[in-house]
Each structure stands twice: as C-alpha cells, then as structure tokens.
Asker: 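The structure follows.
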Amino acid sequence: MDWMHGTTSTGVPYTARAATRPEAPIVVGWHLLDPPSTPAALAAALPLDGLDRHVVYLGLPLSGERALHPDFEALLMSGIDMVTEYFGPMHEQALAEFPAALAELRGTLGASADAALAVLGGSAGASVAAEVYATHRESHAIAGCVLLNPMLRLRPMIDATAGFLPTPYSWHPAADGVAARMDFVARAPELAHGHLLVIEGADDEPAFIESTREFERLGIGEVRYIDGVAHALAAWPENPAAERTEGAKIYDRIAADWIGETTGA
C-alpha cells in the first residue's frame with residue numbers, strides 16, 4: 001500500500017500505510033528532531049520494508065508544521081526555556097494525543113479493533129514511545145517497543161547544548177521535575193514487563209550513548225549498537241526523496257524483523 005499523509009481531526013500530522021489485511025498488527029512511531037524530523041521523512045528513512053503491518057508515524061508537537069520557530073538553531077537562540085517550555089510540553093502533549101490519534105487512524109487504515117500494537121521512536125520521539133509504552137502498555141495491549149538512538153535522559157542532553165546557547169541552561173525546580181519525568185534510566189523498571197529493543201549508533205553523541213549504556217547495565221530489554229551510525233538517520237539537508245543512508249537501512253531491517261517476531265502473524 002502507498003503512504004498517505006494527513007492530519008487527524010485533533011490536529012496531529014501523520015504519515016501512514018495500511019497492511020494487506022485488517023487484522024495485521026499496527027506500528028505507531030514518532031520521528032527524531034534531527035533527520036528524519038517529520039512523519040514523511042521517517043516513513044522514507046524507516047519504511048519497515050517487507051513488514052505487512054499497518055504503520056502510523058505521528059508528528060511530534062512543537063515540531064515540523066507545528067513548530068514555533070523556523071529551525072532548531074532559532075529555537076535555541078529564542079530564549080525559550082528548553083525544558084519547561086519545549087521538551088516537557090512536547091513530551092506530555094504527544095502522550096495525550098496518542099489514544100485519540102490511534103483510534104482515528106485505526107478507522108482510516110481499516111485496522112481491526114483488536115489488532116496487536118507496537119510502538120517505535122527515535123531520539124525525542126523515542127522518549128515519547130517509551131512513555132507511551134510505560135503508560136499504555138496494558139490498556140492498549142502494546143506488544144513491543146523499539147527505541148532508536150533514544151533520548152533516555154533529558155538532563156545530560158540539555159547540558160550538552162551549553163556550547164550552542166548564549167549561556168548554559170540554568171536548572172530550577174520545575175525543570176528538575178520535567179527531567180525526572182523524562183529519565184527512563186531511573187524509570188527503567190516501568191519498561192521491564194514486556195518486549196523492548198534499543199538500537200544505538202556507536203557514533204552517536206556522548207549524552208545519548210552514555211545514557212544507553214547506563215540503561216543497558218540494568219539488564220532490561222535488548223540493546224544493539226550499530227557501528228558507523230551517528231545520531232541522525234537521514235542526511236542533511238533533509239529530503240524524503242533522497243537515497244536512504246546505510247544506517248537507516250540497517251535500522252529498518254533490524255526493527256522490521258524484531259517487530260515482526262514480537263507482534264506475531
């Protein structure tokens with residue numbers, strides 16, 4: 001089936017494709033903020049080739065066509081509180097949007113009401129996928145979760161932006177609360193009761209790799225490192241029509257195989 005692009009009735013951008021049969025499982029995913037940074041770009045980079053599943057890629061709030069600034073550099077220089085006014089609201093809004101978006105797009109795709117479900121996300125989108133998995137695993141019968149170059153902890157990632165900001169980020173109690181909410185190393189036990197796969201680029205930024213290694217030491221889920229892959233999974237400048245990177249092809253093959261095994265027939 002071809003990919004379709006649209007916006008849900010509640011304003012969530014999406015790119016989706018239907019499986020060949022209504023009862024096929026559903027994969028719901030969220031993109032990175034680096035390329036691929038939109039639902040369409042994620043579909044181009046990680047189409048889950050060869051996997052007969054309904055696939056729904058949702059747009060993150062405050063990004064893409066819902067962005068408040070023209071690019072991430074402008075956002076960094078805007079003076080916005082990156083924790084309490086950007087990453088925290090993005091995370092919470094994406095979580096809140098999930099149930100209604102899934103319900104609506106089940107109908108759009110013709111997916112069965114009882115179709116199995118898996119979630120997937122990259123970087124900031126992986127943080128959302130982890131939150132959805134922790135929060136809705138039982139209520140929505142989520143069979144598995146795939147995290148790609150994940151932002152497992154917000155605090156070290158924010159601290160790593162110090163060189164790009166006019167002044168380093170100044171942590172305060174409200175920001176500390178957001179960071180605690182988005183610390184999936186500390187919250188790892190909430191992810192321990194199902195199927196979880198982390199795919200991490202061996203050349204990713206230290207803030208991401210170090211958090212992944214801390215998570216790995218807890219022995220929860222499966223962690224795979226891919227040599228030669230940095231943080232972005234598509235090339236700059238972003239162009240969904242461009243040839244996929246070798247890293248994206250590897251991630252796609254691993255994710256598709258794992259989701260196929262995890263979600264069954």
Side-chain angles (χ1 to χ4, degrees), residues 6-19 21-31 39 42 48 51-61 87-148 150-152 154 177-178 180-198 215 218 220-222 255 258-265:
T7 304
T8 70
S9 60
T10 56
V12 182
Y14 69 85
T15 292
R17 64 171 166 84
R21 52 206 169 89
E23 69 274 14
I26 305 170
V27 181
V28 180
W30 293 266
H31 55 81
L42 184 60
L48 301 179
L51 187 65
D52 187 22
R53 299 291 185 269
H54 304 285
V55 180
V56 175
Y57 288 151
L58 300 175
L60 289 172
F87 281 105
M90 172 189 289
H91 189 83
E92 297 301 334
Q93 185 177 336
L95 175 67
E97 291 174 346
F98 165 72
L102 173 61
E104 181 174 333
L105 290 168
R106 276 186 192 269
T108 301
L109 297 174
S112 299
D114 57 354
L117 181 65
V119 293
L120 171 153
S123 191
S127 184
V128 171
E131 187 70 68
V132 167
Y133 189 54
T135 303
H136 292 297
R137 182 177 62 250
E138 293 186 3
S139 64
H140 285 70
I142 302 175
C145 176
V146 182
L147 307 178
L148 315 171
M151 187 175 73
L152 292 171
L154 178 64
V178 173
R181 167 79 161 165
M182 297 178 66
D183 186 342
F184 289 97
V185 176
R187 294 179 59 194
E190 298 177 47
L191 306 175
H193 304 292
H195 299 284
L196 176 71
L197 173 65
V198 177
F215 188 89
L218 299 175
I220 293 171
E222 178 185 357
W258 189 88
I259 290 170
E261 293 173 2
T262 301
T263 56

Asker: Any side-chain heavy-atom pair from R53 and T263 closer than 4.5 angstrom?
Answerer: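 When only atoms from C-beta onward are counted, T263 and R53 do touch, with a gap below 4.5 Å.
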Asker: Are the side chains of E138 and H193 in contact, using a 4.5 Å heavy-atom criterion?
Answerer: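 No, side chains not in contact.
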Asker: State, with a plain yes or no, whether a side-chain heavy atom of F184 is found less than 4.5 Å away from one of I220.
Answerer: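 Result no, sub-4.5 Å side-chain heavy-atom pair not found.
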Asker: Could you tell me whether the side chain of H91 reaches within less than 4.5 Å of the side chain of V128, counting heavy atoms only?
Answerer: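 When only atoms from C-beta onward are counted, H91 and V128 do touch, with a gap below 4.5 Å.
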Asker: I'd like to know whether L117 forms a side-chain contact (heavy atoms from CB on, under 4.5 Å) with V28, so could you lay out the CA-CA distance, the side-chain angles of the two residues, the decisive distance to 0.1 Å, and finally the verdict.
Answerer: CA-CA 8 Å; L117 181 65; V28 180; 3.7 Å; yes
Asker: Side-chain contact, heavy-atom cut-off 4.5 Å: W30 with V119?
Answerer: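 Yes, at least one pair of side-chain atoms sits under 4.5 Å.
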Asker: Among residues at least two apart in sequence or on other chains, which ones pass side-chain contact (heavy atoms from CB on, under 4.5 Å) with A16?
Answerer: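 If we apply the side-chain contact (heavy atoms from CB on, under 4.5 Å) test to A16, skipping adjacent residues, the hits are M4, Y14, V56, L109.
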Asker: What pair of heavy atoms forms the shortest contact from G260 to L51, and how long is it?
Answerer: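 It is CA-CD1, 3.7 Å.
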Asker: What pair of heavy atoms forms the shortest contact from P25 to A115, and how long is it?
Answerer: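 For P25 versus A115, the nearest heavy atoms are CA-CB, 4.3 Å.
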Asker: When you look at W258 and L120, which way does the side-chain contact (heavy atoms from CB on, under 4.5 Å) test go after all the steps?
Answerer: CA-CA 11 Å; W258 189 88; L120 171 153; over 6 Å; no
Asker: Considering residues at least two apart in sequence or located in another chain, which fulfil the ring pair (Phe, Tyr, Trp, His ring centres under 6.0 Å) criterion with H140?
Answerer: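 Only F98, H136 meet the ring pair (Phe, Tyr, Trp, His ring centres under 6.0 Å) criterion with H140.
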Asker: Going by the rule side-chain hydrogen bond (donor to acceptor under 3.5 Å, both in side chains), which residues pair with R137 if we only count those two or more places apart in sequence or in a different chain?
Answerer: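 Applying side-chain hydrogen bond (donor to acceptor under 3.5 Å, both in side chains) to R137 gives none.
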Asker: Would you name the heavy atoms of V12 and G59 that are closest together and state the gap between them?
Answerer: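 So the two residues come closest at CG1-O, 4.2 Å.
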Asker: Roughly how far, to the nearest 0.5 Å, is the CD1 atom of I26 from the CG atom of L105?
Answerer: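 Spacing of CG (L105) from CD1 (I26) equals 9.0 Å.
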Asker: Any side-chain heavy-atom pair from D183 and L154 closer than 4.5 angstrom?
Answerer: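 Answer no - side chains too far apart.
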Asker: Scan for side chain to side chain donor-acceptor pair (under 3.5 Å) pairs involving residues 110-123, sequence neighbours excluded, and state none if there are none.
Answerer: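 Found S123-H231.
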Asker: Hey, does the side chain of H31 reach the backbone of L60 with a donor-acceptor pair shorter than 3.5 angstrom?
Answerer: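 Between the backbone of L60 and the side chain of H31 there is a qualifying donor-acceptor contact (under 3.5 Å).
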Asker: Contact between Y133 and L191 at the side-chain level, heavy atoms closer than 4.5 Å - yes or no?
Answerer: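 Side-chain contact under 4.5 Å: yes.
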Asker: Listed by chain and number, what are the side-chain contact (heavy atoms from CB on, under 4.5 Å) partners of P150, not counting sequence neighbours?
Answerer: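 Per chain and number, P150 pairs via side-chain contact (heavy atoms from CB on, under 4.5 Å) with A126, L147, L152, V198, E200, T212.
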Asker: With E104, which residues qualify under salt bridge (charged side-chain N to carboxylate O under 4.0 Å, His left out), at least two apart?
Answerer: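 Expected list: none.
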Asker: If every non-hydrogen atom of P189 is compared with every non-hydrogen atom of A186, which pair is closest and at what distance?
Answerer: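 Minimum heavy-atom separation between P189 and A186: CD-O, 3.7 Å.
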Asker: Pairs in or reaching into residues 120-135: which pass salt bridge (Lys or Arg N to Asp or Glu O under 4.0 Å), with residues at least two apart or in two chains?
Answerer: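 Sorted result for residues 120-135: E131-R181, E131-R187.
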Asker: Drop me the distance from L42's CG to L58's CG, to the nearest 0.5 angstrom.
Answerer: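 Those atoms lie 10.0 Å apart.
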Asker: Can you name the residues that form a side-chain contact (heavy atoms from CB on, under 4.5 Å) with P61, not counting sequence neighbours?
Answerer: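 Partners of P61 by the side-chain contact (heavy atoms from CB on, under 4.5 Å) criterion, ordered by chain and then number, come out as R66, M90, Q93, A94, E97.
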Asker: Test of understanding: with side-chain hydrogen bond (donor to acceptor under 3.5 Å, both in side chains), list the residues that count as partners of T8, not counting sequence neighbours.
Answerer: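 For T8 the side-chain hydrogen bond (donor to acceptor under 3.5 Å, both in side chains) partners, ignoring immediate neighbours, are T10.
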